[in-house]
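Have a look at the structure below, then the notes.
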Amino acid sequence: MKYRHRAAALAATAVVLAGAGPAAAASSSPAPSPTPSVAIPDGLYGTTDPTYDGVWRQSLALLAQESVGVTPADKAVAWLAGQQCANGAFAAFRADAGKPCDAKLMVDTNSTAAATQALAALGNHDAEVRKAVTWLQSVQNADGGWGYTPGGASDANSTSVVAGALAQGGETVPNLRKGGKSPYDALHTLALPCDGKDAGAFAYQPGKKGELAANADATAAAVLGLLGEPLTGSRQDDSASPAACTAFDASKEPEKGAANGAGWLAEAMAKDGHLTSALPGAEDQPDYGNTADAIVALSSTGLNDQAEAPLRWLEGNFAQWAKDSGPAAYAQLVFVANAAQGADARDFGGQDLVKLLNATGPTPKAVEKKDQSTASAEKKDDDKGLSPAYTIGGGLLVGAAIGFVLMVRGRKRRQS
């Protein structure tokens with residue numbers, strides 16, 4: 001997920017600023033510190049060092065809770081809102097939120113975008129959301145995208161999470177232009193061509209010589225970014241099979257770029273039922289986080305059949321990964337359960353993700369009780385292979401779905 005690039009990018013940047021020399025981009029987050037270097041604030045989710053991911057994991061936790069009818073504790077929401085700087089930006093973590101932000105504080109687009117999505121979804125934070133949206137717009141690059149830090153080279157993950165935040169903040173993403181370029185134009189430059197290897201995938205950033213290398217994390221992010229979706233994605237009606245990769249006009253048909261990316265993800269997971277991480281010097285390992293993101297991307301484009309096997313694999317294998325990774329991982333799984341057909345956040349591989357997530361932070365104010373008879377009926381329908389005709393509690397169905405393009409144009413938008 002963007003979390004891995006986000007946390008790794010901040011850690012790498014910190015090393016560079018400290019004069020330790022250049023650091024390569026990493027594909028996984030830093031290992032949790034057994035002894036946090038800072039005190040864990042009251043109201044923050046998780047028990048590991050929040051230096052590199054405090055705002056991110058808090059934002060995902062609150063987004064996930066809101067999506068399943070949980071009203072977070074006031075102090076959890078207040079902690080996140082209190083992390084905002086006066087100019088609207090967020091850093092990864094501010095140990096002393098009472099101290100004004102200064103030029104030495106490293107604010108970033110990813111933390112700001114995630115916090116914006118969470119506060120917009122929770123409601124009653126219009127002032128904070130508007131300030132964050134204004135700041136994000138002010139640091140848009142000339143190519144239409146965003147880098148992790150203001151002025152940094154645009155990347156697919158940052159551009160996508162910011163696009164989702166701006167959409168949640170009430171902006172029309174295609175109209176957000178810098179130098180005549182929109183966020184969709186920036187993502188288009190990172191799309192691998194349809195006539196070459198890894199057709200339809202997206203790169204994180206171009207290589208030193210401008211070459212593009214397929215990146216599953218970036219591709220899953222770009223799918224949501226091109227659809228104007230937040231990190232949660234959304235459950236969609238079936239699109240029977242991936243469309244063939246086709247060239248697309250980013251300004252007029254970003255949904256085609258999303259379809260290309262989803263098709264590549266489906267193919268990448270077809271053999272093993274999950275994505276695999278390949279780190280230098282280490283054996284290949286199942287990539288739980290990126291598999292979760294890929295499922296959300298597939299489900300958000302209606303590729304429910306292609307999401308089925310990865311979903312079942314994740315349900316059977318997530319437990320230790322999520323326990324080790326903490327609230328952001330549980331939030332990712334809630335997003336999967338909400339987006340994927342045949343999944344239930346309260347019975348995911350036999351476990352209640354809502355309870356597991358809630359246990360990582362302050363006790364919520366309220367938790368909606370799902371009607372058990374309804375849940376049982378849905379499970380029976382799923383067991384018979386029936387697909388839900390609509391998303392429960394999740395937005396409006398606009399138009400009829402005939403083919404992928406019409407399905408996307410009639411997307412069900414989740415209400416904030």
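Predicted, not measured: the structure shown is a model, and the values here were computed from it.
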Using a 6.0 Å cut-off, check whether atom [atom1] of [X] has over 12 heavy atoms from anything other than its own residue.
X    : atom1 : result
E267 : CD    : no
E211 : CD    : yes
K178 : NZ    : yes

Just so I know, are the side chains of [X] and [Y] near enough to count as touching, which here means a heavy-atom distance under 4.5 Å?
X    : Y    : value
S160 : L187 : yes
V367 : N358 : yes
Y204 : D217 : no

Is there a donor-acceptor pair under 3.5 Å between the side chain of [X] and the backbone N or O of [Y]?
X    : Y    : value
R346 : K355 : no
T159 : W146 : yes
Q117 : S59  : no
S239 : L303 : no
S182 : Y184 : yes
Q140 : L176 : yes
Q58  : G43  : yes
H188 : F248 : yes
T301 : L298 : yes

Side chains of [X] and [Y]: is there a donor and an acceptor less than 3.5 Å apart?
X    : Y    : result
T276 : D287 : no
S67  : N338 : yes
E229 : S234 : yes
D143 : S154 : yes
D198 : W264 : yes
Y330 : Q351 : no
T360 : R57  : no

I need the [X] [atom1] to [Y] [atom2] distance, nearest 0.5 Å.
X    : Y    : atom1 : atom2 : result
L62  : Y45  : CG    : OH    : 5.5 Å
W56  : S111 : CH2   : OG    : 7.5 Å
Q332 : T232 : CD    : OG1   : 12.5 Å

Audit row: E315, R312, salt bridge (charged side-chain N to carboxylate O under 4.0 Å, His left out) steps and yes/no: CA-CA 5 Å; E315 285 183 320; R312 299 311 168 202; 2.7 Å; yes
Validation: residues 119-126 side-chain donor-acceptor distances under 3.5 Å, sequence neighbours left out:
none

side-chain hydrogen bond (donor to acceptor under 3.5 Å, both in side chains) between E308 and N304, worked out: CA-CA 6 Å; E308 175 72 14; N304 298 306; over 6 Å; no
Could you list the donor-acceptor pairs under 3.5 angstrom formed between side-chain atoms of residues 74-83 and any protein atom two or more places apart in sequence or on another chain?
from : atom 1 : to   : atom 2 : distance (Å)
D74  : OD1    : K365 : NZ     : 3.4
K75  : NZ     : D42  : OD1    : 3.1
K75  : NZ     : D42  : OD2    : 3.4
Q83  : OE1    : R94  : N      : 2.7
Q83  : NE2    : R94  : O      : 3.0

